[in-house]
Every structure is written in structure tokens, then in C-alpha cells.
Amino acid sequence: MSEQRVVIVTGGGTGIGAATARLLRTAGHQVVISGRRPEPLHRLAEETGALAHPADVTDPEAVQGLVDATVSAYGRLDGLVLNAGIARSGSVGDLSPADWEAVMATNVTGPFLLQRAALPHLLAARGAVVAVASVSALRNGNANAAYATSKAALLQLCRSLAVDYGRDGLRANIVCPSWVRTDMADGRMARFAEEAGLGDGGVDAAYEEATRLLPVGRPGEPHEIAEAISWLLSPAASFVNGAVLPLDGGATAVDVGGTAFSYRLTPRDDSRAESDNRSSG
């Protein structure tokens with residue numbers, strides 16, 4: 001973004017959200033970071049000069065308060081980074097209705113509420129929205145019904161914004177990361193390492209195992225995702241609207257039916273293999 005802009009980043013205290021906030025602040029933009037937990041937000045605010053505003057994206061009043069506080073502080077709003085998200089593992093037969101509702105409320109309804117509250121300001125600024133979905137919006141894995149469905153819905157929600165308001169100068173795009181080293185992904189990898197009996201290698205061994213079939217052969221780093229988000233927010237991406245950008249190390253380029261020619265694949269014990277197989281995004 002060549003001129004100074006004002007951007008809200010949800011899920012802004014850690015991981016991809018925090019990396020995005022750091023990058024935007026380094027470039028001289030005003031950033032409001034939001035999330036449910038005040039502590040990481042305030043730590044990052046002290047580090048970067050971003051404005052911390054804790055809010056629950058599932059609460060319409062809290063979302064409106066976030067937008068109002070941003071406009072009150074900076075006089076405008078140019079961009080949203082929709083990064084807040086949660087995960088609950090389980091197949092359709094295993095998921096509780098409460099877990100399903102929690103995932104949908106945070107991953108789909110929350111972005112809708114924020115888009116709706118921010119829309120007049122984004123239209124006035126001819127702004128941009130970037131949603132952090134997941135490779136799970138494009139491909140699925142075991143016990144991943146709620147998360148994958150929510151990320152696919154987020155993808156189409158943002159495409160609706162692109163289609164409905166593109167002529168008014170508003171752009172909305174989606175990034176789909178695969179495994180990225182974040183606190184959320186680290187937690188899943190710690191459980192995977194224990195389930196799979198990976199021994200002393202722990203989280204690092206789990207990441208190595210989970211990304212073995214990726215063409216790049218490693219997980220992503222938050223700053224790599226942040227670079228793409230920053231570009232999509234910027235005038236350099238002025239003709240990019242409704243795009244879906246896989247940031248997956250080549251995961252979606254792989255023909256899973258051909259992996260047997262390069263790897264000997266054996267199933268894990270089902271009792272240990274209940275996996276949410278999702279990215280951190």
C-alpha cells in the first residue's frame with residue numbers, strides 16, 4: 001500500500017494475524033488488532049504501535065464497536081483482514097451441534113458481521129478485504145467436517161462481496177494456507193506427535209511428517225502468508241478481485257492418486273488417527 005491506510009486485523013494477537021500486523025506497521029500503515037484474548041493483543045500493540053481492541057467477532061455489538069473505535073481513532077477504514085478462526089475436529093456423525101455452531105459462528109458469521117459493519121467505510125475508501133481461509137476450503141481430510149465447511153463458506157462469502165461491490169471499488173480476495181507454524185498448528189502437531197508415536201522429535205517431527213508430500217517439503221511461516229495478504233490489500237493488486245490464492249507449498253497441485261509411485265503409504269492405526277487435518281488458517 002503506497003499511501004498510509006487503516007486496516008483491521010482479526011485474530012491479530014498471534015500467528016498469521018500478528019505477522020500481518022507487524023508487516024503493515026513496518027510499512028507505515030495504521031493497524032487495529034482484535035481478538036478475544038487481550039494479553040497477546042496488548043503485547044503486540046506495545047511492540048508495533050498497533051491499536052489493540054479486544055472483541056468477540058460473534059457478537060454484533062462488539063463488532064460494531066470495533067469498527068466505530070477504528071474510525072474514531074483514525075478517521076477512516078481502508079481494509080479488513082479476516083483471520084480469526086477456530087477448529088473442532090470430528091466427522092458429521094461425531095460432531096456435536098454445539099461444536100458445529102461454534103465453528104460456524106466464529107469462522108463464517110463473524111466475518112459476515114464485520115464486513116457488514118465495515119461496509120460503508122470500505123466503500124467510501126474504495127478499500128479491500130482479505131479473508132484467511134484454508135487449503136481445507138479446497139481439499140478435505142479426516143474428521144474435518146465443520147472446519148472445512150466453514151472455510152469453504154468463508155471463501156464464497158468474500159466472493160459475494162467481490163461480485164456485489166466490485167463496481168463500487170471494493171475488492172475482496174481469499175488466501176488458502178496449508179500448514180503454517182502458528183500456535184494453533186503447534187498445538188495440533190503436539191497432539192499428532194503423541195498420537196503417532198513420533199518420539200523425541202515432537203512438534204518438529206510432526207510438521208515433517210505432515211508436510212512430507214508437499215512439493216516444498218516444509219510448513220509455511222506466518223510472515224510468508226502476511227506478504228501475500230499485504231499485497232492483496234495494496235494498489236498493486238488493484239485488478240485482483242474475488243481471487244482464491246492457495247498458499248500451500250504446492251499441496252493443491254499434487255495428484256493424490258500418483259503419490260503411491262513415489263511413496264509407500266500405509267494407514268495409521270485408526271485409534272490414533274482421528275485427525276482434524278486442517279491448516280492453521
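Computation of the quantities below employed the complete heavy-atom set of this structure, encompassing side-chain atoms and omitting hydrogens, waters and symmetry-equivalent molecules.
Applying the side chain to side chain contact (heavy atoms under 4.5 Å, CB included) test between Leu51 and each of Val31, Val32, Val6, Ile8 identifies Val32 as the sole match. Each of Leu122, Leu119, Ile174 was evaluated against Val129; a single residue qualifies, Leu122, per the side chain to side chain contact (heavy atoms under 4.5 Å, CB included) test. Considering Ile229, Val130, Val81 in turn, Val81 is the only one that fulfils the side chain to side chain contact (heavy atoms under 4.5 Å, CB included) rule with Val9.
Side chains of Ser150 and Asn107: a donor on one and an acceptor on the other come within 3.5 Å. Checking Arg25 against Thr20 by side-chain atom types alone, no donor-acceptor pair falls below 3.5 Å. Checked by atom type, the side-chain pair Ser72/Asp68 shows no donor-acceptor distance below 3.5 Å. For the residue pair Ser89 and Asn144, no side-chain donor N or O sits within less than 3.5 Å of a side-chain acceptor on the partner.
Val254 and Leu213 fall into different hydrophobic clusters, defined by Ile, Leu, Val, Met, Phe, Trp and Tyr side-chain heavy atoms under 4.5 Å apart, directly or through other members.
Ion pairing between Glu209 and Arg212 holds under the 4.0 Å rule for side-chain N and carboxylate O. Salt bridge absent: Asp186 and Arg188 never bring a charged side-chain N and a carboxylate O closer than 4.0 Å. Salt bridge Glu47/Arg22: present, at least one basic N to carboxylate O contact under 4.0 Å.
Within the 3.5 Å criterion, the main-chain N or O of Glu221 finds no donor-acceptor partner in the side chain of Arg181. Thr182 places no side-chain N or O within donor-acceptor distance of the main-chain N or O of Gly15, the cut-off being under 3.5 Å.
The local environment of CG in Asp200 is sparse, with at most 12 non-hydrogen atoms from other residues, nucleotides or ligands closer than 6.0 Å.
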Checking Arg43 against Thr48 for the side-chain hydrogen bond (donor to acceptor under 3.5 Å, both in side chains) test, could you report, in this order, the C-alpha distance in whole Å, the side-chain angles of both residues, the deciding distance, and whether it holds? CA-CA 9 Å; Arg43 284 196 298 269; Thr48 64; over 6 Å; no
